[in-house]
Amino acid sequence: MTANTAIFIDPRDSVATALRDLEAGERLAVAGGVALTEPVARGHKIAVVDIAAGAPVIKFGFPIGTAKAAIARGAHVHSHNMATALSAEGGHDYRPAADPATPLSDPPTFLGYLRADGRAATRNEIWVLPTVGCVARIAAKIAEAADRRHRGRVDGVHAFTHPFGCSQLGDDLDGTRAILAALASHPNAGGVLLVGLGCESNQIDRLIEAIPPEARGRVRSLRAQSAGDEVDEGLALIDELVEAAATAKRGPLPLGKLVIGVKCGGSDGLSGLTANPLVGRMSDAVTGAGGQAILTEIPEIFGAEHLLMARAADRETFEAIGRLVDGFKTYFTAHGEPVSENPSPGNIAGGLTTLEEKSLGAVQKAGRAVVTDVLGYGARASKPGLTLLEAPGNDAVSSTALSAAGATVILFTTGRGTPLGFPVPTIKVASNHELAARKPGWIDFDGGQVLDDGMDAGAAALLGLIAEVASGRETAAERNGEREIAIWKRGVTL
(Lines give C-alpha, C1' and ligand atoms only; values in the text may rest on other atoms or scores of the structure.)
Protein backbone atom coordinates (compact mmCIF):
# COMPACT_ATOMS: atom_id res chain seq x y z
CA MET A 1 0.00 0.00 0.00
CA THR A 2 1.24 3.48 -0.89
CA ALA A 3 1.33 6.07 1.91
CA ASN A 4 -0.11 9.57 1.53
CA THR A 5 -2.47 8.53 -1.25
CA ALA A 6 -5.79 9.36 0.41
CA ILE A 7 -7.39 10.64 3.60
CA PHE A 8 -10.18 8.85 5.45
CA ILE A 9 -11.95 11.13 7.92
CA ASP A 10 -14.53 9.25 9.99
CA PRO A 11 -14.90 5.50 10.64
CA ARG A 12 -18.51 5.78 9.46
CA ASP A 13 -17.46 7.09 6.04
CA SER A 14 -17.98 5.14 2.83
CA VAL A 15 -15.50 7.25 0.84
CA ALA A 16 -11.93 8.50 1.14
CA THR A 17 -10.41 11.51 -0.65
CA ALA A 18 -7.39 11.30 -2.98
CA LEU A 19 -4.41 13.40 -1.91
CA ARG A 20 -2.82 13.23 -5.38
CA ASP A 21 -3.75 11.98 -8.84
CA LEU A 22 -4.07 8.20 -8.55
CA GLU A 23 -3.90 5.44 -11.17
CA ALA A 24 -6.00 2.30 -11.49
CA GLY A 25 -4.51 -0.54 -9.47
CA GLU A 26 -2.93 1.64 -6.78
CA ARG A 27 -3.76 0.49 -3.27
CA LEU A 28 -4.79 3.00 -0.61
CA ALA A 29 -3.38 2.87 2.91
CA VAL A 30 -6.84 3.52 4.41
CA ALA A 31 -9.87 1.41 5.43
CA GLY A 32 -7.82 -1.77 5.53
CA GLY A 33 -6.40 -1.20 2.06
CA VAL A 34 -8.47 -0.41 -1.03
CA ALA A 35 -7.36 -1.14 -4.62
CA LEU A 36 -8.49 1.47 -7.16
CA THR A 37 -10.50 0.14 -10.08
CA GLU A 38 -10.01 3.33 -12.15
CA PRO A 39 -7.97 6.57 -12.11
CA VAL A 40 -9.02 9.18 -9.54
CA ALA A 41 -7.89 12.84 -9.56
CA ARG A 42 -6.62 14.68 -6.50
CA GLY A 43 -9.46 15.89 -4.28
CA HIS A 44 -11.93 13.36 -5.67
CA LYS A 45 -13.57 10.52 -3.75
CA ILE A 46 -13.00 6.77 -3.77
CA ALA A 47 -15.47 4.21 -2.42
CA VAL A 48 -13.91 2.28 0.47
CA VAL A 49 -16.91 -0.06 0.74
CA ASP A 50 -19.50 -1.35 -1.72
CA ILE A 51 -22.35 1.21 -1.87
CA ALA A 52 -25.76 0.00 -3.01
CA ALA A 53 -27.88 1.97 -5.47
CA GLY A 54 -30.00 4.47 -3.52
CA ALA A 55 -27.85 4.16 -0.39
CA PRO A 56 -26.36 7.25 1.27
CA VAL A 57 -22.75 8.16 0.53
CA ILE A 58 -21.05 9.09 3.81
CA LYS A 59 -18.25 11.65 4.35
CA PHE A 60 -17.40 13.62 7.51
CA GLY A 61 -19.60 11.01 9.22
CA PHE A 62 -22.75 12.36 7.51
CA PRO A 63 -24.61 11.69 4.23
CA ILE A 64 -23.42 13.86 1.35
CA GLY A 65 -25.83 12.41 -1.24
CA THR A 66 -27.09 9.07 -2.57
CA ALA A 67 -25.70 6.58 -5.03
CA LYS A 68 -27.43 6.75 -8.43
CA ALA A 69 -26.23 3.21 -9.15
CA ALA A 70 -24.32 0.53 -7.29
CA ILE A 71 -20.75 1.71 -6.59
CA ALA A 72 -18.04 -0.90 -6.10
CA ARG A 73 -15.28 -0.64 -3.53
CA GLY A 74 -12.31 1.12 -5.16
CA ALA A 75 -14.40 3.06 -7.70
CA HIS A 76 -14.39 6.82 -8.34
CA VAL A 77 -17.39 8.50 -6.64
CA HIS A 78 -18.58 11.70 -8.28
CA SER A 79 -21.46 13.27 -10.23
CA HIS A 80 -21.67 10.32 -12.67
CA ASN A 81 -22.79 7.93 -9.92
CA MET A 82 -23.92 10.12 -7.02
CA ALA A 83 -26.59 12.83 -6.60
CA THR A 84 -27.77 15.30 -3.99
CA ALA A 85 -30.50 14.32 -1.52
CA LEU A 86 -31.09 17.91 -0.43
CA SER A 87 -34.63 19.31 -0.36
CA ALA A 88 -36.20 22.67 0.43
CA GLU A 89 -38.18 21.25 3.34
CA GLY A 90 -37.60 22.89 6.72
CA GLY A 91 -38.30 21.67 10.24
CA HIS A 92 -35.72 21.23 12.98
CA ASP A 93 -35.68 19.65 16.42
CA TYR A 94 -34.05 21.48 19.32
CA ARG A 95 -31.32 19.15 20.55
CA PRO A 96 -28.46 21.17 22.09
CA ALA A 97 -25.10 19.45 21.85
CA ALA A 98 -22.51 22.20 22.19
CA ASP A 99 -18.99 20.96 22.90
CA PRO A 100 -16.72 24.01 22.57
CA ALA A 101 -12.97 23.62 22.34
CA THR A 102 -10.81 24.24 25.39
CA PRO A 103 -9.53 27.85 25.35
CA LEU A 104 -5.82 28.34 24.67
CA SER A 105 -3.79 28.54 27.85
CA ASP A 106 -1.53 31.29 26.49
CA PRO A 107 -3.18 33.05 23.51
CA PRO A 108 -1.02 35.47 21.54
CA THR A 109 -1.41 39.24 21.61
CA PHE A 110 -1.30 41.62 18.65
CA LEU A 111 -0.45 45.28 18.12
CA GLY A 112 -3.70 47.01 17.25
CA TYR A 113 -5.46 50.35 17.58
CA LEU A 114 -7.82 50.60 20.55
CA ARG A 115 -10.74 52.86 19.62
CA ALA A 116 -12.66 55.10 22.02
CA ASP A 117 -15.67 52.74 21.97
CA GLY A 118 -13.52 49.81 23.13
CA ARG A 119 -13.29 48.08 19.76
CA ALA A 120 -9.91 47.13 18.32
CA ALA A 121 -8.73 47.94 14.80
CA THR A 122 -6.10 46.10 12.77
CA ARG A 123 -5.64 49.06 10.39
CA ASN A 124 -5.93 52.85 10.75
CA GLU A 125 -7.14 53.94 7.34
CA ILE A 126 -9.28 56.60 5.70
CA TRP A 127 -12.17 55.15 3.69
CA VAL A 128 -13.93 56.99 0.87
CA LEU A 129 -17.46 55.65 0.31
CA PRO A 130 -19.57 56.82 -2.65
CA THR A 131 -23.29 56.90 -1.95
CA VAL A 132 -24.04 56.13 -5.60
CA GLY A 133 -22.28 54.62 -8.59
CA CYS A 134 -22.40 57.96 -10.48
CA VAL A 135 -19.57 59.34 -8.30
CA ALA A 136 -17.54 56.14 -8.00
CA ARG A 137 -14.73 57.45 -10.17
CA ILE A 138 -14.67 60.78 -8.31
CA ALA A 139 -14.34 58.90 -5.03
CA ALA A 140 -11.48 56.84 -6.47
CA LYS A 141 -9.66 59.97 -7.72
CA ILE A 142 -9.95 61.60 -4.29
CA ALA A 143 -8.66 58.48 -2.54
CA GLU A 144 -5.74 58.02 -4.95
CA ALA A 145 -4.58 61.62 -4.53
CA ALA A 146 -5.07 61.56 -0.75
CA ASP A 147 -3.15 58.30 -0.42
CA ARG A 148 -0.16 59.86 -2.16
CA ARG A 149 -0.43 63.01 -0.05
CA HIS A 150 -0.68 61.27 3.34
CA ARG A 151 1.37 58.12 2.83
CA GLY A 152 3.01 57.14 6.11
CA ARG A 153 0.69 59.21 8.30
CA VAL A 154 -2.14 56.64 8.19
CA ASP A 155 -2.17 53.04 6.97
CA GLY A 156 -3.77 54.01 3.67
CA VAL A 157 -6.61 55.88 1.96
CA HIS A 158 -8.99 53.65 0.02
CA ALA A 159 -12.16 54.16 -2.00
CA PHE A 160 -14.70 51.34 -2.04
CA THR A 161 -16.80 51.85 -5.13
CA HIS A 162 -20.03 50.17 -6.26
CA PRO A 163 -22.71 50.70 -8.94
CA PHE A 164 -25.73 51.15 -6.66
CA GLY A 165 -27.46 53.88 -4.64
CA CYS A 166 -29.90 55.14 -7.28
CA SER A 167 -32.95 53.64 -9.03
CA GLN A 168 -33.33 51.26 -6.07
CA LEU A 169 -36.50 50.77 -4.07
CA GLY A 170 -37.56 49.58 -0.61
CA ASP A 171 -35.54 46.79 0.95
CA ASP A 172 -33.02 46.86 -1.90
CA LEU A 173 -32.10 50.48 -1.19
CA ASP A 174 -32.17 49.79 2.55
CA GLY A 175 -29.61 47.00 2.03
CA THR A 176 -27.23 49.32 0.17
CA ARG A 177 -27.60 51.98 2.85
CA ALA A 178 -27.09 49.44 5.66
CA ILE A 179 -23.85 48.10 4.18
CA LEU A 180 -22.40 51.58 3.61
CA ALA A 181 -23.43 52.77 7.08
CA ALA A 182 -21.86 49.71 8.68
CA LEU A 183 -18.62 50.22 6.73
CA ALA A 184 -18.60 53.89 7.78
CA SER A 185 -18.64 52.84 11.43
CA HIS A 186 -15.93 50.14 11.08
CA PRO A 187 -13.06 50.38 13.59
CA ASN A 188 -10.44 50.04 10.83
CA ALA A 189 -11.67 53.33 9.36
CA GLY A 190 -9.98 56.11 11.32
CA GLY A 191 -11.94 58.53 9.17
CA VAL A 192 -14.61 58.29 6.46
CA LEU A 193 -15.50 60.57 3.57
CA LEU A 194 -18.97 60.03 2.07
CA VAL A 195 -19.12 61.22 -1.53
CA GLY A 196 -22.58 61.79 -2.95
CA LEU A 197 -23.91 63.20 -6.20
CA GLY A 198 -26.89 65.11 -4.81
CA CYS A 199 -29.93 63.72 -6.60
CA GLU A 200 -29.54 60.00 -5.85
CA SER A 201 -31.97 57.79 -3.94
CA ASN A 202 -29.32 57.04 -1.31
CA GLN A 203 -29.19 60.56 0.11
CA ILE A 204 -26.24 61.45 2.33
CA ASP A 205 -28.44 62.73 5.18
CA ARG A 206 -30.34 59.43 5.39
CA LEU A 207 -27.08 57.51 5.23
CA ILE A 208 -25.59 59.52 8.10
CA GLU A 209 -28.72 58.84 10.16
CA ALA A 210 -27.99 55.11 9.78
CA ILE A 211 -24.46 55.53 11.20
CA PRO A 212 -24.26 55.19 15.00
CA PRO A 213 -24.01 58.65 16.63
CA GLU A 214 -20.70 57.81 18.31
CA ALA A 215 -19.09 57.20 14.89
CA ARG A 216 -20.34 60.33 13.13
CA GLY A 217 -17.56 62.56 14.49
CA ARG A 218 -15.05 60.90 12.14
CA VAL A 219 -17.33 61.14 9.09
CA ARG A 220 -17.26 63.96 6.53
CA SER A 221 -19.50 64.34 3.47
CA LEU A 222 -19.25 65.88 0.02
CA ARG A 223 -22.05 66.51 -2.50
CA ALA A 224 -20.45 66.65 -5.93
CA GLN A 225 -23.26 68.61 -7.60
CA SER A 226 -22.87 71.40 -5.03
CA ALA A 227 -19.07 71.49 -4.98
CA GLY A 228 -16.82 73.76 -6.98
CA ASP A 229 -13.87 71.43 -7.62
CA GLU A 230 -15.10 68.22 -6.00
CA VAL A 231 -11.68 66.57 -5.94
CA ASP A 232 -9.99 69.54 -4.23
CA GLU A 233 -12.83 69.85 -1.72
CA GLY A 234 -12.70 66.12 -1.03
CA LEU A 235 -8.96 66.30 -0.43
CA ALA A 236 -9.43 69.16 2.03
CA LEU A 237 -11.95 67.08 3.99
CA ILE A 238 -9.56 64.12 4.06
CA ASP A 239 -6.81 66.43 5.32
CA GLU A 240 -9.03 67.08 8.37
CA LEU A 241 -9.68 63.37 8.89
CA VAL A 242 -5.99 62.49 8.65
CA GLU A 243 -5.03 65.10 11.25
CA ALA A 244 -7.27 63.33 13.76
CA ALA A 245 -6.60 59.75 12.66
CA ALA A 246 -2.81 60.13 12.63
CA THR A 247 -2.77 60.49 16.43
CA ALA A 248 -3.76 56.82 16.84
CA LYS A 249 -0.91 54.47 17.76
CA ARG A 250 -0.65 50.69 17.86
CA GLY A 251 -0.45 48.99 21.23
CA PRO A 252 -0.55 45.42 22.59
CA LEU A 253 -4.05 43.94 22.71
CA PRO A 254 -5.37 40.50 23.69
CA LEU A 255 -6.50 37.98 21.08
CA GLY A 256 -10.06 38.37 22.38
CA LYS A 257 -10.18 41.85 20.85
CA LEU A 258 -10.11 40.38 17.35
CA VAL A 259 -13.20 39.87 15.19
CA ILE A 260 -12.52 37.34 12.46
CA GLY A 261 -14.70 36.67 9.44
CA VAL A 262 -14.42 33.19 7.92
CA LYS A 263 -15.08 32.49 4.25
CA CYS A 264 -14.30 29.93 1.54
CA GLY A 265 -14.22 30.36 -2.21
CA GLY A 266 -12.94 28.34 -5.15
CA SER A 267 -13.09 25.26 -2.92
CA ASP A 268 -11.83 21.82 -3.86
CA GLY A 269 -12.06 18.33 -2.41
CA LEU A 270 -9.35 19.11 0.14
CA SER A 271 -10.85 22.38 1.44
CA GLY A 272 -13.04 20.63 3.99
CA LEU A 273 -10.14 18.43 5.09
CA THR A 274 -7.27 20.89 5.48
CA ALA A 275 -7.88 24.65 5.20
CA ASN A 276 -11.44 24.80 6.57
CA PRO A 277 -10.84 22.78 9.77
CA LEU A 278 -7.60 24.73 10.22
CA VAL A 279 -9.59 27.98 10.12
CA GLY A 280 -12.04 26.31 12.51
CA ARG A 281 -9.19 26.11 15.00
CA MET A 282 -8.79 29.88 14.61
CA SER A 283 -12.52 30.40 15.31
CA ASP A 284 -12.10 28.32 18.46
CA ALA A 285 -8.97 30.22 19.54
CA VAL A 286 -10.52 33.67 19.06
CA THR A 287 -13.92 32.89 20.59
CA GLY A 288 -12.24 30.96 23.40
CA ALA A 289 -10.32 34.12 24.24
CA GLY A 290 -13.54 36.15 24.37
CA GLY A 291 -13.48 37.40 20.77
CA GLN A 292 -15.86 37.06 17.86
CA ALA A 293 -15.99 34.88 14.74
CA ILE A 294 -18.51 35.51 11.96
CA LEU A 295 -19.70 32.83 9.53
CA THR A 296 -21.80 33.66 6.47
CA GLU A 297 -22.58 32.36 2.92
CA ILE A 298 -25.82 30.77 4.12
CA PRO A 299 -26.57 28.72 0.95
CA GLU A 300 -23.30 26.93 1.54
CA ILE A 301 -24.42 25.52 4.87
CA PHE A 302 -27.57 23.92 3.40
CA GLY A 303 -27.44 20.28 4.46
CA ALA A 304 -25.13 21.02 7.39
CA GLU A 305 -27.22 23.51 9.34
CA HIS A 306 -27.96 20.85 11.97
CA LEU A 307 -24.32 21.03 13.10
CA LEU A 308 -24.65 24.74 13.84
CA MET A 309 -28.12 24.47 15.34
CA ALA A 310 -26.86 21.89 17.82
CA ARG A 311 -24.37 24.52 19.05
CA ALA A 312 -26.91 27.32 19.54
CA ALA A 313 -26.43 29.16 22.83
CA ASP A 314 -30.17 28.96 23.57
CA ARG A 315 -33.50 28.12 22.00
CA GLU A 316 -33.98 31.67 20.67
CA THR A 317 -30.69 31.44 18.75
CA PHE A 318 -31.58 27.93 17.56
CA GLU A 319 -34.87 29.16 16.13
CA ALA A 320 -33.17 32.18 14.53
CA ILE A 321 -30.74 29.87 12.71
CA GLY A 322 -33.66 27.80 11.45
CA ARG A 323 -35.52 30.89 10.21
CA LEU A 324 -32.42 32.20 8.44
CA VAL A 325 -31.66 28.93 6.66
CA ASP A 326 -35.27 28.17 5.76
CA GLY A 327 -35.79 31.75 4.60
CA PHE A 328 -32.80 31.48 2.29
CA LYS A 329 -34.17 28.24 0.85
CA THR A 330 -37.46 30.05 0.19
CA TYR A 331 -35.48 32.82 -1.53
CA PHE A 332 -34.13 30.18 -3.93
CA THR A 333 -37.41 28.40 -4.60
CA ALA A 334 -39.34 31.68 -5.02
CA HIS A 335 -37.05 32.43 -7.96
CA GLY A 336 -37.62 28.97 -9.42
CA GLU A 337 -34.18 27.69 -8.44
CA PRO A 338 -33.44 24.41 -6.63
CA VAL A 339 -31.75 24.77 -3.25
CA SER A 340 -29.03 22.38 -4.45
CA GLU A 341 -27.85 24.60 -7.36
CA ASN A 342 -24.28 24.31 -6.12
CA PRO A 343 -21.33 23.39 -6.23
CA SER A 344 -19.86 25.59 -8.97
CA PRO A 345 -18.09 24.15 -12.05
CA GLY A 346 -14.73 24.83 -10.41
CA ASN A 347 -15.83 23.08 -7.21
CA ILE A 348 -16.95 20.04 -9.22
CA ALA A 349 -13.67 19.90 -11.15
CA GLY A 350 -11.90 19.96 -7.77
CA GLY A 351 -13.81 16.94 -6.49
CA LEU A 352 -16.90 18.34 -4.73
CA THR A 353 -20.06 16.59 -5.94
CA THR A 354 -23.05 17.85 -3.95
CA LEU A 355 -24.01 20.83 -1.85
CA GLU A 356 -24.21 18.60 1.22
CA GLU A 357 -20.56 17.66 0.76
CA LYS A 358 -19.55 21.29 0.20
CA SER A 359 -21.58 22.47 3.19
CA LEU A 360 -20.24 19.86 5.60
CA GLY A 361 -16.75 20.96 4.63
CA ALA A 362 -17.63 24.67 4.75
CA VAL A 363 -19.00 24.65 8.31
CA GLN A 364 -15.65 23.31 9.49
CA LYS A 365 -14.52 26.96 9.39
CA ALA A 366 -16.67 27.64 12.45
CA GLY A 367 -14.78 25.10 14.54
CA ARG A 368 -16.66 24.08 17.69
CA ALA A 369 -17.61 27.60 18.78
CA VAL A 370 -21.05 28.20 20.28
CA VAL A 371 -23.44 30.18 18.06
CA THR A 372 -24.41 33.23 20.12
CA ASP A 373 -26.10 35.48 17.53
CA VAL A 374 -27.82 35.51 14.14
CA LEU A 375 -27.73 38.72 12.09
CA GLY A 376 -29.50 40.06 9.03
CA TYR A 377 -27.64 41.43 6.02
CA GLY A 378 -25.92 44.74 6.78
CA ALA A 379 -26.11 44.33 10.57
CA ARG A 380 -23.11 44.70 12.90
CA ALA A 381 -21.89 41.93 15.19
CA SER A 382 -21.80 42.73 18.90
CA LYS A 383 -21.76 39.47 20.90
CA PRO A 384 -18.69 37.37 21.76
CA GLY A 385 -18.79 33.88 20.26
CA LEU A 386 -19.83 32.69 16.81
CA THR A 387 -22.23 34.88 14.81
CA LEU A 388 -24.16 33.60 11.79
CA LEU A 389 -24.61 36.40 9.22
CA GLU A 390 -27.14 36.56 6.39
CA ALA A 391 -25.42 36.82 2.99
CA PRO A 392 -25.16 34.69 -0.17
CA GLY A 393 -22.24 32.49 -1.16
CA ASN A 394 -20.80 34.99 -3.66
CA ASP A 395 -17.25 35.73 -2.53
CA ALA A 396 -17.29 39.50 -2.93
CA VAL A 397 -20.82 40.04 -1.57
CA SER A 398 -20.36 37.83 1.49
CA SER A 399 -16.86 39.10 2.30
CA THR A 400 -18.15 42.67 2.09
CA ALA A 401 -20.94 41.71 4.50
CA LEU A 402 -18.33 40.22 6.87
CA SER A 403 -16.35 43.46 6.75
CA ALA A 404 -19.48 45.55 7.34
CA ALA A 405 -20.44 43.33 10.28
CA GLY A 406 -17.18 44.30 11.97
CA ALA A 407 -14.63 41.65 11.00
CA THR A 408 -11.15 43.15 11.37
CA VAL A 409 -9.45 40.17 9.68
CA ILE A 410 -10.96 37.75 7.13
CA LEU A 411 -9.67 34.19 6.80
CA PHE A 412 -10.45 33.08 3.24
CA THR A 413 -9.83 29.44 2.33
CA THR A 414 -9.47 28.32 -1.27
CA GLY A 415 -8.50 25.21 -3.19
CA ARG A 416 -8.34 26.79 -6.64
CA GLY A 417 -7.27 30.36 -5.87
CA THR A 418 -8.67 33.89 -6.20
CA PRO A 419 -6.98 37.31 -6.24
CA LEU A 420 -9.85 39.15 -4.52
CA GLY A 421 -9.32 41.34 -1.48
CA PHE A 422 -11.79 43.27 0.66
CA PRO A 423 -11.95 46.29 3.00
CA VAL A 424 -10.21 44.47 5.86
CA PRO A 425 -6.99 42.39 5.73
CA THR A 426 -7.88 39.12 3.99
CA ILE A 427 -5.61 36.13 4.65
CA LYS A 428 -5.82 33.55 1.83
CA VAL A 429 -5.36 29.98 3.06
CA ALA A 430 -4.69 27.37 0.36
CA SER A 431 -6.06 23.88 0.85
CA ASN A 432 -3.15 22.24 -0.98
CA HIS A 433 0.59 22.60 -1.64
CA GLU A 434 0.21 22.92 -5.41
CA LEU A 435 -1.90 26.08 -5.25
CA ALA A 436 0.34 27.67 -2.61
CA ALA A 437 3.43 26.99 -4.75
CA ARG A 438 1.83 28.10 -8.04
CA LYS A 439 0.20 31.30 -6.75
CA PRO A 440 2.48 32.80 -4.07
CA GLY A 441 1.27 36.25 -5.11
CA TRP A 442 -2.27 35.34 -4.06
CA ILE A 443 -1.78 32.93 -1.16
CA ASP A 444 -0.69 33.88 2.36
CA PHE A 445 -0.67 30.44 4.01
CA ASP A 446 -0.34 26.86 2.82
CA GLY A 447 -3.02 24.91 4.67
CA GLY A 448 -1.89 21.71 2.93
CA GLN A 449 0.87 21.51 5.52
CA VAL A 450 -1.54 19.92 7.99
CA LEU A 451 -1.29 16.68 5.97
CA ASP A 452 2.48 16.70 6.56
CA ASP A 453 2.90 18.26 9.99
CA GLY A 454 -0.51 17.75 11.64
CA MET A 455 -3.32 20.11 12.58
CA ASP A 456 -1.73 21.36 15.82
CA ALA A 457 1.44 22.59 14.08
CA GLY A 458 -0.59 24.15 11.26
CA ALA A 459 -2.90 25.91 13.71
CA ALA A 460 0.01 27.37 15.68
CA ALA A 461 1.60 28.69 12.49
CA LEU A 462 -1.64 30.22 11.18
CA LEU A 463 -2.44 31.84 14.53
CA GLY A 464 1.02 33.40 14.50
CA LEU A 465 0.41 34.79 11.02
CA ILE A 466 -2.96 36.24 12.09
CA ALA A 467 -1.26 38.07 14.98
CA GLU A 468 1.32 39.48 12.56
CA VAL A 469 -1.32 40.62 10.04
CA ALA A 470 -3.42 42.15 12.83
CA SER A 471 -0.27 44.00 13.89
CA GLY A 472 0.26 45.51 10.43
CA ARG A 473 1.87 42.90 8.19
CA GLU A 474 0.40 43.23 4.69
CA THR A 475 -1.54 40.37 3.14
CA ALA A 476 -1.02 39.36 -0.48
CA ALA A 477 -4.25 41.09 -1.48
CA GLU A 478 -3.12 44.32 0.23
CA ARG A 479 0.24 44.22 -1.54
CA ASN A 480 -1.58 43.70 -4.85
CA GLY A 481 -3.99 46.59 -4.28
CA GLU A 482 -6.94 44.17 -4.26
CA ARG A 483 -9.45 46.09 -2.12
CA GLU A 484 -13.10 46.19 -3.15
CA ILE A 485 -16.71 45.76 -2.10
CA ALA A 486 -19.82 44.24 -3.65
CA ILE A 487 -23.39 44.88 -2.51
CA TRP A 488 -26.17 42.30 -2.67
CA LYS A 489 -28.69 43.35 -5.35
CA ARG A 490 -32.07 41.78 -4.53
CA GLY A 491 -34.81 44.16 -5.72
CA VAL A 492 -36.28 46.12 -8.61
CA THR A 493 -34.21 48.67 -10.52
CA LEU A 494 -36.18 51.64 -11.86
> Does K257 count as lying over the ring of F110, i.e. NZ or CZ under 6.0 Å from the six-ring centre, within 45 degrees of the axis?
Replying inline: no
>> Tell me every residue that passes ring-ring contact (aromatic ring centres under 6.0 Å, His included) with H158, counting only those two or more places apart in sequence or in another chain.
In response: none
> What are the two closest non-hydrogen atoms of P277 and G272, and how far apart are they?
Replying inline: CD-O, 3.4 Å
>> Could you check whether R115 pairs with D117 (Lys NZ or Arg NE/NH1/NH2 to Asp/Glu carboxylate O, under 4.0 Å)?
In response: no
> Who are the ring-ring contact (aromatic ring centres under 6.0 Å, His included) partners of F318, not counting sequence neighbours?
Replying inline: Y94
>> Can you tell me how far apart NZ (K428) and CG (D446) are? Round to the nearest 0.5 Å.
In response: 15.0 Å
> What residues form a ring-ring contact (aromatic ring centres under 6.0 Å, His included) with H306, not counting sequence neighbours?
Replying inline: F62
> What residues form a side-chain contact (heavy atoms from CB on, under 4.5 Å) with A459, not counting sequence neighbours?
Replying inline: L278, R281, M282
>> Among residues at least two apart in sequence or on other chains, which ones pass ring-ring contact (aromatic ring centres under 6.0 Å, His included) with W442?
In response: none
> Are D268 and S431 close enough that a side-chain donor and a side-chain acceptor fall under 3.5 Å?
Replying inline: yes
> Can you name the side-chain hydrogen bond (donor to acceptor under 3.5 Å, both in side chains) partners of R315, sequence neighbours left out?
Replying inline: E319
> Does E434 have any side-chain hydrogen bond (donor to acceptor under 3.5 Å, both in side chains) partners at least two apart in sequence or in another chain, and if so, which?
Replying inline: R438
>> I need the minimum non-hydrogen distance between T426 and F412, along with the two atoms involved.
In response: CG2-CB, 3.9 Å
> Are there more than 12 heavy atoms of other residues, nucleotides or ligands under 6.0 Å from atom CZ of R206?
Replying inline: no
> Counting only N and O atoms by type, is there a donor-acceptor contact under 3.5 Å from the side chain of R490 to the main-chain atoms of D171?
Replying inline: no
> Who pairs with A215 by side-chain contact (heavy atoms from CB on, under 4.5 Å), at least two apart in sequence or on another chain?
Replying inline: S185, I211, R218
>> If I compare all heavy atoms of G367 with all of S283, which pair ends up nearest, and what's the gap?
In response: N-CB, 4.4 Å
> For the residue pair I179 and A401, what are the closest heavy atoms and their distance?
Replying inline: CD1-CA, 4.2 Å
>> Going by side-chain hydrogen bond (donor to acceptor under 3.5 Å, both in side chains), name the residues that satisfy it together with E214, two or more places apart in sequence or in a different chain.
In response: none
>> If you compare all heavy atoms of G361 against all heavy atoms of N276, which two are closest, and at what distance to 0.1 Å?
In response: O-ND2, 3.0 Å
>> How long is the straight-line distance from CG of N202 back to NE2 of H162, given to the nearest 0.5 Å?
In response: 7.0 Å
> Side chains of N188 and T408: is there a donor and an acceptor less than 3.5 Å apart?
Replying inline: no
> Is the side chain of D284 donor-acceptor paired with the backbone N or O of R368 at a distance under 3.5 Å, no angle test?
Replying inline: yes
>> Testing the basics here: between V371 and T317, what is the closest heavy-atom pair and its distance to 0.1 Å?
In response: O-CG2, 3.5 Å
>> Can you pull out every ring-ring contact (aromatic ring centres under 6.0 Å, His included) where at least one residue sits in residues 469-494? Sequence neighbours excluded, please.
In response: F328-W488, Y331-W488, Y377-W488
>> Strictly below 4.0 Å, N to O, side chains only: are R223 and D205 in salt-bridge contact?
In response: yes
> Can you name the residues that form a side-chain contact (heavy atoms from CB on, under 4.5 Å) with S167, not counting sequence neighbours?
Replying inline: T493, L494
> What pairs meet the salt bridge (charged side-chain N to carboxylate O under 4.0 Å, His left out) rule with one or both residues in residues 247-256, with sequence neighbours excluded?
Replying inline: D155-R250
